[in-house]
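To start, the structure itself, in structure tokens.
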Amino acid sequence: KAGVTQTPRYLIKTRGQQVTLSCSPISGHRSVSWYQQTPGQGLQFLFEYFSETQRNKGNFPGRFSGRQFSNSRSEMNVSTLELGDSALYLCASSLALGGADTEAFFGQGTRLTVV
Amino acid sequence: DAKTTQPTSMDCAEGRAANLPCNHSTISGNEYVYWYRQIHSQGPQYIIHGLKNNETNEMASLIITEDRKSSTLILPHATLRDTAVYYCILWTSGNKLVFGAGTILRVKS
């Protein structure tokens, strides 16, 4: 079956702009999590959605937001982009809420560069 | 914050077993031990997980000590393609998946 699909794969934006990234989970998976990966900070958790509700949130400013649709697809939005937002943004999907003896599968990520 | 401790890096000869240790002395009873790996610039790949029994799948084996305070991931016959960062993570239902710094495994020919 198809894996986790993230679009776009690469993106270049200017400081101050906003960006929306998309994640399509594996069919049947209801949980979607987002992560930011930078060389300095490693993989950091942004938020998790399950059944269209945000269930967990990481320590990121309010400029980072997300949502999940009824078909489990998820989007994350970053407003007022800063140079430090340049990163690989990863999405993971799982059948249930994390950790319940379930596996999370990651997409290939969206590489965002802010100039 | 990550609740596991892993060596920063390890080397392994191609064709030999790679044994990656992980300490998790404050593990709770309902926390599973998960292993993921990440090959450069790709999304992390699920390897294996377990609660208290040893587990084996087509990729690896997971050995968890009886007191559950440490575990070892075993790649039985390492290949060059196994060179990656390996993450040992504790995960419980309803909580977020938190990645630490991981172990850089270098498989050498």
Side-chain angles (χ1 to χ4, degrees), chain A residues 3-7 9-10 21 23-26 29 31-51 53-60 66 87-113, chain B residues 1-9 24 26-60 62 64 68 73 84-104:
Chain A
V4 179
T5 303
Q6 291 188 245
T7 55
R9 289 292 312 277
Y10 302 92
L21 311 181
C23 173
S24 294
I26 292 171
H29 284 194
S31 172
V32 174
S33 299
W34 288 90
Y35 293 79
Q36 180 196 64
Q37 186 170 31
T38 59
Q41 299 296 320
L43 268 158
Q44 292 193 291
F45 174 82
L46 280 156
F47 26 66
E48 178 179 20
Y49 287 87
F50 183 82
S51 295
T53 303
Q54 187 179 92
R55 301 301 180 117
N56 281 300
K57 191 175 188 310
N59 295 323
F60 279 82
L88 179 66
Y89 289 88
L90 291 156
C91 161
S93 82
S94 57
L95 205 54
L97 269 178
D101 195 18
T102 187
E103 302 152 23
F105 297 93
F106 284 79
Q108 291 304 298
T110 294
R111 172 76 61 186
L112 172 66
T113 301
Chain B
D1 295 325
K3 296 172 59 180
T4 62
T5 304
Q6 300 177 252
T8 303
S9 64
H24 31 80
T26 61
I27 190 170
S28 302
N30 59 351
E31 285 181 314
Y32 285 78
V33 180
Y34 279 76
W35 284 85
Y36 280 80
R37 72 181 183 183
Q38 187 175 25
I39 297 168
H40 183 63
S41 293
Q42 295 182 22
Q45 178 189 22
Y46 166 81
I47 301 174
I48 199 167
H49 75 279
L51 184 61
K52 48 186 173 183
N53 297 322
N54 297 337
E55 303 286 345
T56 296
N57 63 21
E58 64 279 3
M59 285 184 68
L62 172 61
I64 302 174
R68 303 211 320 127
L73 177 74
V85 180
Y86 287 77
Y87 298 98
C88 169
I89 304 162
L90 302 184
W91 202 13
T92 190
S93 178
N95 284 353
K96 54 192 180 185
L97 184 63
V98 178
F99 287 80
T103 295
I104 300 170

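We name chains A, B, ... by the order of the sequence lines, and we start the count at 1 in each one.
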Considering all heavy atoms, the nearest B/Ser41-A/Arg111 contact: OG-NH2, 3.6 Å
Name all residues meeting the side-chain hydrogen bond (donor to acceptor under 3.5 Å, both in side chains) criterion together with B/His24; count only those two or more places apart in sequence or in a different chain, and write none if there are none. B/Ser71
Okay, B/Gln38 and chain A: the region with an atom under 4.5 Å from a heavy atom over there is side chain
Taking side chain as C-beta onward, heavy atoms only, is A/Ser33 less than 4.5 Å from B/Leu97? no
Part of A/Leu90 within contact of chain B (heavy atom distance under 4.5 Å): side chain
Between A/Ala104 and B/Trp91, which heavy-atom pair has the shortest distance, and what is it? CB-CH2, 3.8 Å
Distance (rounded to the nearest 0.5 Å) between B/Tyr36 OH and A/Glu103 CD: 7.0 Å
Gap separating the OG1 atom of A/Thr102 from the OH atom of B/Tyr32, nearest 0.5 angstrom: 10.0 Å
Within a reach of under 6.0 Å around NZ of B/Lys52, are more than 12 heavy atoms found that belong to other residues, nucleotides or ligands? no
Side chain / backbone / both / neither for A/Gln37 at chain B, heavy atoms under 4.5 Å: side chain
For A/Gln36, enumerate each residue passing the side-chain hydrogen bond (donor to acceptor under 3.5 Å, both in side chains) test, keeping only those at least two apart in sequence or located in another chain. A/Tyr89
What part of A/Tyr35 gets closer than 4.5 Å to chain B, counting heavy atoms only: side chain, backbone, both or neither? side chain
The reported gap from OH in B/Tyr46 to OG in A/Ser94 (rounded to nearest 0.5 angstrom) is 12.0 Å
